[in-house]
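Just so we're on the same page: letters track the sequence lines, and every chain starts at 1.
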Amino acid sequence: MAYDYKNIEPKWQKIWEEKHAFEAKNDYSLPKYYALVEFPYPSGQGLHIGHPRPYTAIDIIARKKRMEGYNVLFPIGWDAFGLPTENYAIKTHIHPAVITKNNIAHFKEQLKKLGLSFDWSREINTSSPEYYKWTQWIFLKLFEKGLAYKKEMSVNFCTSCKVVLANEEVVGGVCERCGGEVVHKVKSQWMLKITEYADRLIDDLKDVDFIERVKTQEINWIGRSYGAQVNFKTSEADEITVYTTRPDTLFGATYMVIAPEHALVDKWKDKISNYAEVAAYREAAAKKSDFERTEMAKDKTGVKLEGVFAVNPVNGNRIPIFVSDYVLATYGTGAIMSVPAHDSRDREFAKKFGLPIVEVVAGGDVEKEAFTDVETGKMVNSGFLDGMEVAEAKKAIIAWLTEKGIGQAKTNYKLRDWVFSRQRYWGEPVPLVYCEKCGWVPIPESELPLVLPNLDRFEPTEDGESPLAAATDWVNTTCPHCGGPAKRETDTMPNWAGSSWYFLRYCDPHNDKALASKEALDYWMPVDWYNGGMEHVTLHLLYSRFWSKFLYDLGIVPCKEPYKKRTAHGMILGENGEKMSKSRGNVINPDDIVEEYGADTLRLYEMFIGDFEKSAPWSPSSIKGCKRFLERVEGLMYLAKGTGTTPKLERSFHKTIKKVTEDIDSMKFNTAIAAMMSLVNEINDAGAMTVDELKTLVKLLCPFAPHLAEELWSRLGETELASLAKWPEYDEAKTVDDTVVIALSVQGKPKDTVEIPLDADEDTAFAAAMKSEKFASLLEGKQIVKKIYVKNKILNVIVK
RNA sequence: GCGGGCGUGGCGGAAUGGCAGACGCGCUGGUCUUAGGAACCAGUGGGCGACCGUGCAGGUUCAAGUCCUGUCGCCCGCACCA
C-alpha cells in the first residue's frame, strides 16, 4: 500500500487535538521547558514557505523534550495589530478586525496542517482587548516610572504609509515595510526611554546563550562608546560642548563643527556676519531625506560661521567654527572638535576648506591619510602629553580636564529613545488623556482596557493626524484627576508593543487579574529556547528585552533576561537562489507542498535542506528524496519481525540514537536526518529487523515526521501516543565497534587502510599494517625514522 | 568605511587537526514493466596511471577544508555616531 499521508495526517492531527496531547501542564513541580517561536503576523498572503522552517525546528526541540519527560510549553499566537491590515482595510472598507479574524483563521488552518505540537489552549491575539488591556497596563507603568514621555521632536515620517517610524524601522533611508521615502517631521511623540537600559542591554548579554551574530548586532546597534565631553570657550558668552572618543588628540583640534540644527546658530544670529548663507545651508540640509543624506555622504559640505570663533582650551589657539551636516544633531552634543590629522572625515573636510592639519600622534603619515591607530602611536606636539601612549594620554587629559572643570569622561550611545506613537487606527490606544489643567493624566486601571472605538474610515489625515481624531465621542472625555473636560490621546502604539511581552502572557494567558500570575512566571520564565529571524534583532528582540527588564525591576518578571537561548534560522530562497517574491515569480506555496508531498515530507525536507542557520535555495527535486525516505521507513513494517535486537544492527542503533539525540540539541537537524537515512539503508542491506528496533526508529523519527510516526506506532500495536513515548536511550559502550579501520600513512600521506581491534596499541597496529602489501612495499629498504600512531585514527610512518 | 559570516563535486551540503566529499538530489547503466517523470539494484570528484584535488599565495605541523599571515570574491547588518 502506498504511503497514504493524505489520510494519515488529518487523522493524527485530530487525535492529538482530542487528547489535548500537547497542552502544557499547570503542575509546577515538574521539570519545565519553554520553547518559543516568533508568533506570526497574520498577513493576507497566508503562511510563507519560510515559516515552517523555524517552526518545525523548535517543534522538534519541544517534541523531544516532551518525550524526555519535561513539562513543555510550546505556545503560539498572533501578532495581529499592524499596518498591512490597516492599509488593506482602507482599500476595501472592511474593518481591520474582520480582516484580522479571517487571516488568523486561514493561518491557523495552515499551521494545524503542519502537525506542529503547539499548545492551542494558550493561543493569544495582541489585538484582542483581553490582551491589549495588559499592553496598556505596562504602558501606564512606564508612564508612572517616567520612562514614557511626550516630546516635540524631529521624527522619521514615511510619506507613503503616512506614519511615524522608529529609527529601527528606517532601513537604508527608506521605510522598512513599504520602501517609501522617509522625511523628517517635527511632531509631538510618545517616547520610551530605552536608553536608560542601554548599559544593561549590552552587559547582560554575557549571561545568555545567544548566537554570536545576534549579540554583536545588538551591541553595535546600541553603539556604546567611551570618551569625554569638553567645553570650548568662544568669542561669545556661550561655550560649545563637544563629545569626543579621542580627548587625547585635543592639541590637534584645529576647528570645530556644529550640526546645522544646533541652537547656537539661532542664538548667534546677530553675531554671524554671513548668517544668510548659514541659514540657506541649514534649510537645504533639513530638506534632505534620510536617503539623500546617506547618498551624499561622501561629499563634505559646510559653511564657516564668520564673526565668531572658539578657543582650544589646551593651547589657547583661536579656531574657526563651521556648520556641516556631517555632524548629527541627534548624537553626542551635536558639536565636535575636529582633529583632521587623526580622523578621516575631519581630514576630508579640512582638505576641502584648507584648514591646518596638526599631527599629535606620531606613527603614521598625516600628509597622506588620517592616522587613527590607537595601539602604536606616541603623543607629539601635545605639551604635557608628549611621549605618552594614546591610552595613557586619554587618562591624563581627562584628569586634567576634570581638574580644570572644563570637561569630564562621558559614555555615549548610538541608541535613541524609542518613538512610540503612531498616527494610525489599528493599534493599541494609548491610555492617557490630556487635561488643560492637569496635563497628561493616566486613565484609572479599572478602566482598562481602553477599547479601540469602531470607525468606518481608517485613513490618517493628510498632515498625519491619527484617524482616531475623528471619533469625537471617544476623544472628548473627562479628566480622571480634576473631572474637567479632557481629550484622549489619539495616537496608537506601534505594532512592536504587543510583541514586547507576549512570551509572558503565554505563561498564564487567561488571567484577568494580572498580565500573568506570579507563580506562572516564576515557573515558566525564562524562555529556554527562542528562535527567530535576524531581521528582528534590533527591533523586537531589543524591545522585548527592554520591557522584560523593566518588568523585572517592578518585581513582576523573575529573571533579568527573558530568553536563555536565542538562535536564528536562515531564509528559504527561491529555486534560483534569490529571495522569494511575487515579482521574481519564485514563490513556493506551502499548501501546494503539503498537498503534493504531505506535511511530514515538508517538515523533513525543510530540516534536511542544509545548515539551519544559513539560507538555502528551495529544490523541487530534492524534496522527493525526503518522501522516498519516509516511504522506505513505512516499508520496514513488512520487514520487522520478532522482539529483541538484530545482532548486525545493534551497534548501528546505539550510534544512531546518540547521533540524533545530540544533533537535535545542537540544531544539526540535517545530519540527524542523514543518520536515520543511513540506518534505514543498513537495515535494508541487512534484510531483517525486529519490531522492537522499528519502534526505536519510529520514536527517533517522531519529532521530525510525527504523523507517520504515530501511524506506524499504532500499527505496531501501541495504544498510547508515540509523541508522548519515552525518548530512546543508548549505551555509550555500544556506540563503537570492536574493530576500527585506521589509515596507514607514509610521510604523512595516506596510502592504505587496515582493520584492527578497537584501542589496539602501536605494535599491534604496526604488525597489522605490515600485512598490507602496499604499505609494506613502501617501507622496503627504507629506514623508519619515526612512527606516529593515533589510536583508532591513523598510523603514520616517516622513512628515510 | 566599520561589524558579522561564508567560499568544498553538476546541485543542497558532511567532515573533535588524522582515509575530503557522509546523507540527499541529479546523472549513467541495469532489473521489472504495454509504458514510466514509479519502484528496486549497481556506479558516480578529476586523471589510463604514478598521482592531483576544499577561492588564491605563503606558513605552522609527522599530518591542514580545519590553525596562522596575506590576498581575492560573495552574502548580511550598520553606515558621516566624532
Just confirming the chi classification of G24(B), syn or anti, using 90° around 0 as the syn window. anti
RNA chain B: stems of at least 3 consecutive Watson-Crick or G-U pairs, cut-off 3.5 Å?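 If one scans RNA chain B for consecutive Watson-Crick or G-U pairs, the stems found are B:1-7 with B:72-78, B:10-12 with B:23-25, B:26-31 with B:39-44, B:55-59 with B:67-71.
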Modelled atom types, side-chain donor and acceptor of Asp346(A) and Tyr326(A), under 3.5 Å: yes
Are a donor atom and an acceptor atom from the side chains of Asp611(A) and Asn670(A) found within less than 3.5 Å of each other?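 The answer is no; no qualifying pair exists.
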Counting side-chain heavy atoms from C-beta on, which of [options] comes nearest to [X]?
{"X": "Arg632(A)", "options": "A14(B), G18(B), C40(B)", "result": "C40(B)"}
{"X": "Met677(A)", "options": "C23(B), G3(B), C19(B)", "result": "C23(B)"}
{"X": "Ser225(A)", "options": "A82(B), C19(B), G13(B)", "result": "A82(B)"}
{"X": "Ile336(A)", "options": "A82(B), C78(B), G13(B)", "result": "A82(B)"}
{"X": "Thr753(A)", "options": "G3(B), C19(B), A82(B)", "result": "C19(B)"}
{"X": "Thr216(A)", "options": "C51(B), A82(B), G3(B)", "result": "G3(B)"}
{"X": "Phe608(A)", "options": "G4(B), G24(B), C80(B)", "result": "G24(B)"}

Tell me whether the OP1 or OP2 atom of [N] has a side-chain N or O from [X] closer than 4.0 Å.
{"X": "Asn681(A)", "N": "G24(B)", "result": "yes"}
{"X": "Asn670(A)", "N": "C23(B)", "result": "no"}
{"X": "Tyr331(A)", "N": "A82(B)", "result": "yes"}

Report the residue (Lys774(A) or Tyr605(A)) whose heavy-atom-nearest nucleotide on RNA chain B is the more 5′ of the two.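 Here Tyr605(A) is the residue nearer the 5' end.
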Contact nearer the 5' end of RNA chain B, comparing Gly334(A) with Ile623(A):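 Here Ile623(A) is the residue nearer the 5' end.
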Distance between [atom1] atoms of [N] and [M] (Å, rounded):
{"N": "G26(B)", "M": "G45(B)", "atom1": "C1'", "result": "15 Å"}
{"N": "C48(B)", "M": "C67(B)", "atom1": "C1'", "result": "38 Å"}
{"N": "A64(B)", "M": "G29(B)", "atom1": "C1'", "result": "38 Å"}
{"N": "A50(B)", "M": "A20(B)", "atom1": "P", "result": "15 Å"}
{"N": "U54(B)", "M": "G5(B)", "atom1": "P", "result": "24 Å"}
{"N": "U8(B)", "M": "A22(B)", "atom1": "C1'", "result": "13 Å"}
{"N": "G13(B)", "M": "C25(B)", "atom1": "C1'", "result": "11 Å"}
{"N": "G21(B)", "M": "A15(B)", "atom1": "P", "result": "13 Å"}

Give a yes or no on whether Glu755(A) atom CD has more than 12 heavy-atom contacts from other residues, nucleotides or ligands under 6.0 Å away.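 Buried by this count: over 12 neighbours within 6.0 Å.
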Is the NZ atom of Lys352(A) crowded by more than 12 outside heavy atoms at less than 6.0 Å? yes
Check the distance between [N]'s [atom2] and [X]'s [atom1] and give it to me in whole angstrom.
{"X": "Glu613(A)", "N": "G13(B)", "atom1": "CD", "atom2": "P", "result": "14 Å"}
{"X": "Gln229(A)", "N": "A82(B)", "atom1": "CD", "atom2": "P", "result": "13 Å"}
{"X": "Asp752(A)", "N": "C51(B)", "atom1": "CG", "atom2": "C1'", "result": "16 Å"}
{"X": "Lys791(A)", "N": "G18(B)", "atom1": "NZ", "atom2": "C1'", "result": "15 Å"}
{"X": "Asp685(A)", "N": "C41(B)", "atom1": "CG", "atom2": "P", "result": "8 Å"}
{"X": "Lys793(A)", "N": "A15(B)", "atom1": "NZ", "atom2": "P", "result": "13 Å"}
{"X": "Phe612(A)", "N": "C23(B)", "atom1": "CZ", "atom2": "P", "result": "24 Å"}
{"X": "Ile219(A)", "N": "C78(B)", "atom1": "CD1", "atom2": "C1'", "result": "14 Å"}

So that I can tick it off, tell me whether [Y] and [X] are bridged by a salt bridge, with the cut-off set at under 4.0 angstrom between side-chain N and carboxylate O.
{"X": "Asp203(A)", "Y": "Arg224(A)", "value": "yes"}
{"X": "Glu348(A)", "Y": "Lys300(A)", "value": "yes"}
{"X": "Glu732(A)", "Y": "Lys658(A)", "value": "yes"}

Regarding Lys655(A) and the six-membered ring of Tyr730(A), is the cationic atom NZ or CZ under 6.0 Å from the ring centre and inside 45° of its axis?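 Here Lys655(A) fails the 6.0 Å and 45° test against Tyr730(A).
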Under 4.0 angstrom, heavy atoms only, what part of the nucleic acid is [X] near: base, sugar-phosphate, or nothing?
{"X": "Val741(A)", "result": "base"}
{"X": "Lys668(A)", "result": "sugar-phosphate"}
{"X": "Asn412(A)", "result": "nothing"}
{"X": "Asp346(A)", "result": "nothing"}

Just checking [X] against [Y], ring centres under 6.0 Å apart?
{"X": "Tyr605(A)", "Y": "Trp618(A)", "result": "yes"}
{"X": "Phe322(A)", "Y": "Phe353(A)", "result": "yes"}
{"X": "Phe349(A)", "Y": "Tyr255(A)", "result": "yes"}

Is there a donor and acceptor pair, one atom on the side chain of Lys300(A) and one on the base of C80(B), closer than 3.5 Å? yes
Residue among Leu700(A), Thr671(A), Val633(A), Asn681(A) satisfying side-chain contact (heavy atoms from CB on, under 4.5 Å) with Met676(A): Leu700(A)
Please say which of Glu38(A), His569(A), Glu613(A), Arg566(A) ends up in a side chain to side chain donor-acceptor pair (under 3.5 Å) with Asn531(A). His569(A)
Determine yes or no for a side-chain-to-main-chain donor-acceptor pair under 3.5 angstrom, with Arg603(A) supplying the side chain and Thr56(A) the backbone.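 Such a contact is absent between Arg603(A) side chain and Thr56(A) backbone.
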Give the intermediate values and the outcome of salt bridge (Lys or Arg N to Asp or Glu O under 4.0 Å) for residues Glu662(A) and Lys668(A). CA-CA 8 Å; Glu662(A) 292 177 352; Lys668(A) 291 158 81 178; over 6 Å; no
Could you list all N or O pairs between the protein and nucleotides 26-32 of chain B that sit under 3.5 Å apart?
residue, atom, partner, partner atom, Å
G26(B), OP2, Arg628(A), NH2, 3.2

Scoring nucleotides 61-76 of chain B by protein non-hydrogen atoms under 4.0 Å (B base, S sugar-phosphate only, - none) yields -BS-------------
